[in-house]
Amino acid sequence: MALSREQHFDMYYYLLLGRALEERLETLYKQGKIPGAIYQGRGQEACYVGSAYALEPGDVIAPTHRDMIAMLPRGMDIKLIVAQHLAKVTGPTKGRGEDNYLGDLSRGIFTTVSMLPDFYPVAAGAALAFKIQGESRVALAYCGEGATSRGDWHEALNFAAVKTLPVVFFVINNQFAFSTPAEKGMKIGNVANRASAYGMPGITVDGNDPIEVFEAVKRSVDLAREGQGPSLIEAKTLRMKGHAGHDRFTYAPSGLIEQWEEKDPINRFEILLRDEWQLNDEEKQQIEIEIQMKIDGAVAFAEASPLPDPNEVTKDVYH
Amino acid sequence: MSITEQEAAKGLTFQNEESTYLQAISQGLGEAMREDETVIQIGEDIGEFGGAFKVTKGLIDEFGEERVIDTPLSESGFIGAAVGAALMGLRPVVEVQYADFLSCGWDQIVNVAAKIHYRTGDPVPMVIRAPSGAGLRAGPFHSQSPEGWFAHVPGLKVVAPATPFDAKGLLRSAIEDPNPVIFFEHKYLYRRLKERLPREKYKIDIGRASVRRDGTDVSVITYGAMLYKALEAAKQLNTNGISVEVVDIRTINPLDKAAIIASVKKTGKVVIVTEDHYSFGVSAELAATINEGAFEYLDGPIERIAPPDTPIPYSPPLEDAYLPQVEEITTGITKLVAY
């Protein structure tokens, strides 16, 4: 399916919003306003926007704690994201969960845990429910290449394949699992090769190209929706930041970051928009102003929000 | 008055045939599926084969493979899948072949299922059925009673019925509960107990203990298969003029603290009998609960009778030595009564 000009601009907006929001969160972190950690997906924005944009409103996503940007095209309210980082009671978990461990089931966004990829089986289970109930819905699960070494990853792919479930497994191969380079985590070059072990299609795409990501995910989503079962998509990119806010990424080989700066997904997409969709400076500035206002509003909301009442500590353990 | 009699007093009528503990669970599963089309079964060999113990036998014929879902060998995978299905509005009932294998799905239970509601407020209505318990010469990996592991996890409910009536009634409550419930069914009891079950739908509330025998001299707090050893000990001691009250807690978490405290206040002496092994487990929690709630009513030290802190051995003399026996319970009670 060819994307319209409006859709291109939509994706551009989410790419810019994601990056700007992460930058603001980093500032808040450095100001000491975030009591916990930050996990950034800088450099991976094309993976998030391209994939999430290929879904329909009834679909569900299972992001990890690095994948906040994937929530944005789903309509996640950024006020809630900032409030959660600031540990405020107005965040989606009322201060119980940290940074990007948030979601909104009404928008089809699961709330992740730290053990990755624990939501791979969960996403398969959501797809199982869709199939049982005869619903034309699809689940999309995210993780990095590091998590593909864990048993849950393999159990989820195998289960989904055996049951022909409408789920897309999306692996962001960002070259590092915390500090461990991909080649020390697996003997093969492409995560996508693992798909053949489960009898499902596997494809590797350029994770810095939102359109290529979108088209691959859309094809897999369509297959899933048509009842043809799961697929594995590997998007190759580089995590441009350390694992978390405290990690200065000192172990990145010299020149690697610079090499990937040149492939920056947002710059590349902007060139495409200028060349083919007549993006001009004025439009870009308008989008940026809109985004800054939105983020300013979210930060103001979060800063003005109260912290949770300590008496709430024992509430909500059970329904 | 037994719980069966209590419920009968509420106007239930009873089936002509007696049902085993295993049949009670099978009936509960079938009736829940008939009543609520969102109830599904997930597990290994549960379809045509009917499950490792045949608890799900026949369900696939009635409900089809869409709702009775055989899985590959992947406890973590299918327990995680149950969480996802529960979040999407189904009520999955998972069967693990043995409670020992819950450890293969540990992370999905304790870090995923148990920690969703506290953070998001979303219900996770799922049940994990786990055949537990020793006495069947099944060795270290098919005999464990790991209810203490899960009772320690906030966000999970843990039940361990001891009678066919309770097994069915607690299962119905577990399936309707909006939280993850670990349902320990004692496999030693599967085919050793029979009773007539109500024709009508009934439920046993999670978190409610039952006084199985009234007494005045000492309370025995127990659950699961140990209930029958406790009742036998009580019967034997009755001929010696010792009046033993036996409380079956039925639910491990949330614990019916009020019922336990009430019994201890009445008798002043308490023996705890569990199949969970001795240290850091259910018996310790029960002792702490009694200390906090009835210390001033105690006329003697809290006695604990539980297996030693070892893996569960296979050979009959070893397994018999491992499990609490009636004589050990009568000795413990007699010693405490004389205190």
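So that the names make sense, note that chain A is the first sequence line, chain B the second, and so on, each numbered from 1.
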So between chain A and chain B, what donor-acceptor pairs come in under 3.5 Å?
{"from": "A:R96", "atom 1": "NH1", "to": "B:Y118", "atom 2": "O", "distance (Å)": "2.9"}
{"from": "A:T111", "atom 1": "O", "to": "B:R119", "atom 2": "NH2", "distance (Å)": "3.4"}
{"from": "A:T112", "atom 1": "O", "to": "B:R119", "atom 2": "NH1", "distance (Å)": "2.8"}
{"from": "A:T112", "atom 1": "O", "to": "B:R119", "atom 2": "NH2", "distance (Å)": "3.3"}
{"from": "A:D118", "atom 1": "O", "to": "B:Q108", "atom 2": "NE2", "distance (Å)": "2.8"}
{"from": "A:P121", "atom 1": "O", "to": "B:A81", "atom 2": "N", "distance (Å)": "3.4"}
{"from": "A:D152", "atom 1": "OD1", "to": "B:S76", "atom 2": "OG", "distance (Å)": "2.5"}
{"from": "A:D152", "atom 1": "OD2", "to": "B:S76", "atom 2": "OG", "distance (Å)": "3.2"}
{"from": "A:D152", "atom 1": "OD2", "to": "B:Q108", "atom 2": "NE2", "distance (Å)": "2.9"}
{"from": "A:E155", "atom 1": "OE1", "to": "B:S76", "atom 2": "N", "distance (Å)": "3.2"}
{"from": "A:E155", "atom 1": "OE1", "to": "B:G77", "atom 2": "N", "distance (Å)": "2.5"}
{"from": "A:K163", "atom 1": "NZ", "to": "B:D70", "atom 2": "O", "distance (Å)": "2.4"}
{"from": "A:V313", "atom 1": "O", "to": "B:Y118", "atom 2": "OH", "distance (Å)": "2.6"}
{"from": "A:D316", "atom 1": "O", "to": "B:H117", "atom 2": "ND1", "distance (Å)": "2.7"}
{"from": "A:D316", "atom 1": "O", "to": "B:Y118", "atom 2": "N", "distance (Å)": "3.3"}
{"from": "A:Y318", "atom 1": "OH", "to": "B:G155", "atom 2": "N", "distance (Å)": "3.2"}
{"from": "A:Y318", "atom 1": "OH", "to": "B:L156", "atom 2": "N", "distance (Å)": "3.4"}
{"from": "A:Y318", "atom 1": "OH", "to": "B:L156", "atom 2": "O", "distance (Å)": "2.6"}
{"from": "A:H319", "atom 1": "N", "to": "B:N179", "atom 2": "OD1", "distance (Å)": "2.7"}
{"from": "A:H319", "atom 1": "ND1", "to": "B:H117", "atom 2": "NE2", "distance (Å)": "2.9"}

Those residues that, when tested against A:N193, pass side chain to side chain donor-acceptor pair (under 3.5 Å) (two or more places apart) = none
CZ/B:F141: more than 12 non-hydrogen atoms of other groups inside 6.0 Å = no
What pair of heavy atoms forms the shortest contact from A:A129 to B:A85, and how long is it?
-> CB-CA, 4.0 Å
In residues 121-128 of chain A, which residues are in contact with chain B at a heavy-atom separation under 4.5 Å?
-> A:P121, A:V122, A:G125, A:A126, A:L128
Quick one: list whatever passes side-chain contact (heavy atoms from CB on, under 4.5 Å) with B:A262, sequence neighbours left out.
-> none
Heavy atoms only, distances under 4.5 angstrom: which of A:V60, A:V313, A:V162 has the most pairs with chain B? Name it, please.
-> A:V313
Under 4.5 Å, counting heavy-atom pairs only, tell me which of B:I79, B:L90, B:L73 racks up the most with chain A.
-> B:L90
